[in-house]
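The structure appears right after this line, and notes come after that.
Scope of the values below: all heavy atoms of this structure, side chains included, with no hydrogens, waters or symmetry mates. Remember, predicted model here, so these are calculated numbers, not experimental data.
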Amino acid sequence: MLISDSMPLLWLSYLALSLFVLVTGYLGIRWLPQLPRFAITGLVAGVLWMPAGFTLSRVEGQAAHEGLAPAVVVSGIAFLQNAPKAFGSALVLLLLGAGLGIALGALLWGWLRQRRSGAEQDKEGQRSPATSSQRRDPVVS
């Protein structure tokens with residue numbers, strides 16, 4: 001159940017907060033052109049949503065706890081605990097997430113630009129009947 005188990009609730013609250021950060025960040029940089037806006041938003045999304053594995057040592061005699069957490073959290077904790085091995089692996093995943101986010105932002109920008117230019121060409125084709133080979137009937141207004 002969602003309420004009785006804390007991990008799904010934790011992930012759900014993290015997802016809601018990260019979506020809030022992304023939307024407000026995107027709206028906060030509206031003054032930028034669209035490509036840098038999508039690239040920056042993609043970078044932040046990649047940093048926020050890239051998962052990384054972690055291992056927590058418990059009290060002596062118990063097995064270590066392993067799980068998944070956002071790479072930015074794992075790298076931050078590893079940095080504060082001065083654990084270079086965990087920090088290095090989390091940092092690699094963090095950089096990979098940032099790169100993938102930038103790439104997806106640029107792809108989204110290109111797709112929207114192509115779609116918008118195709119829609120503008122369709123509108124121009126409808127405006128000028130000389131370019132269209134179909135006959136247009138007169139309309140009484």
Side-chain angles (χ1 to χ4, degrees), residues 1-60 62-141:
M1 187 181 275
L2 182 64
I3 301 300
S4 65
D5 193 6
S6 64
M7 285 309 286
L9 190 60
L10 180 67
W11 276 105
L12 188 62
S13 62
Y14 183 81
L15 179 68
L17 286 173
S18 66
L19 283 174
F20 179 75
V21 165
L22 282 177
V23 169
T24 56
Y26 179 80
L27 293 175
I29 57 174
R30 280 191 328 205
W31 52 272
L32 286 174
Q34 202 170 26
L35 177 61
R37 193 178 345 154
F38 280 149
I40 291 171
T41 305
L43 177 129
V44 172
V47 165
L48 287 175
W49 291 341
M50 181 57 112
F54 69 93
T55 304
L56 284 177
S57 57
R58 294 185 179 182
V59 181
E60 293 178 19
Q62 293 182 348
H65 175 73
E66 295 179 1
L68 283 177
V72 67
V73 173
V74 173
S75 63
I77 299 291
F79 177 77
L80 291 175
Q81 289 182 344
N82 198 14
K85 183 179 175 185
F87 179 71
S89 63
L91 186 64
V92 168
L93 287 172
L94 193 64
L95 294 175
L96 179 67
L100 286 173
I102 290 173
L104 286 176
L107 284 173
L108 179 64
W109 172 78
W111 180 70
L112 289 174
R113 186 174 178 200
Q114 182 182 21
R115 191 171 152 201
R116 190 177 308 125
S117 67
E120 288 174 3
Q121 288 176 357
D122 288 345
K123 286 181 182 179
E124 289 175 5
Q126 290 176 355
R127 285 187 212 151
S128 60
T131 59
S132 177
S133 63
Q134 297 177 352
R135 180 175 168 231
R136 297 185 62 132
D137 295 331
V139 178
V140 178
S141 27

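Contact record, E66 with T55: CG-OG1, 3.7 Å, taken as the closest heavy-atom pair.
Identified under the ring pair (Phe, Tyr, Trp, His ring centres under 6.0 Å) test for residues 89-120, with sequence neighbours left out: none. Applying the side chain to side chain donor-acceptor pair (under 3.5 Å) test to residues at least two apart or on different chains, none of the pairs has a partner in residues 76-93.
Note that CG of L43 is 11.0 Å distant from CG of L100, once rounded to the nearest 0.5 Å. Considering CG of L35 and CD1 of I40, their distance stands at 9.5 Å, rounded to 0.5 Å.
The closest side-chain heavy-atom distance from L48 to Y14 is below 4.5 Å. Counting heavy atoms from C-beta on, the side chains of M50 and L94 never come closer than 4.5 Å.
In this structure W49 satisfies the side chain to side chain donor-acceptor pair (under 3.5 Å) test together with S18, sequence neighbours excluded.
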For a quick test of your reading: what N or O donor-acceptor pairs under 3.5 Å do the side chains of residues 67-79 make, sequence neighbours left out?
residue: S75; atom: OG; partner: A71; partner atom: O; Å: 3.0
residue: S75; atom: OG; partner: V72; partner atom: O; Å: 3.1

N/O donor-acceptor pairs under 3.5 Å from side chains in residues 20-33, not counting sequence neighbours:
residue: T24; atom: OG1; partner: F20; partner atom: O; Å: 2.8
residue: T24; atom: OG1; partner: V21; partner atom: O; Å: 3.2
residue: Y26; atom: OH; partner: R37; partner atom: NH1; Å: 3.1

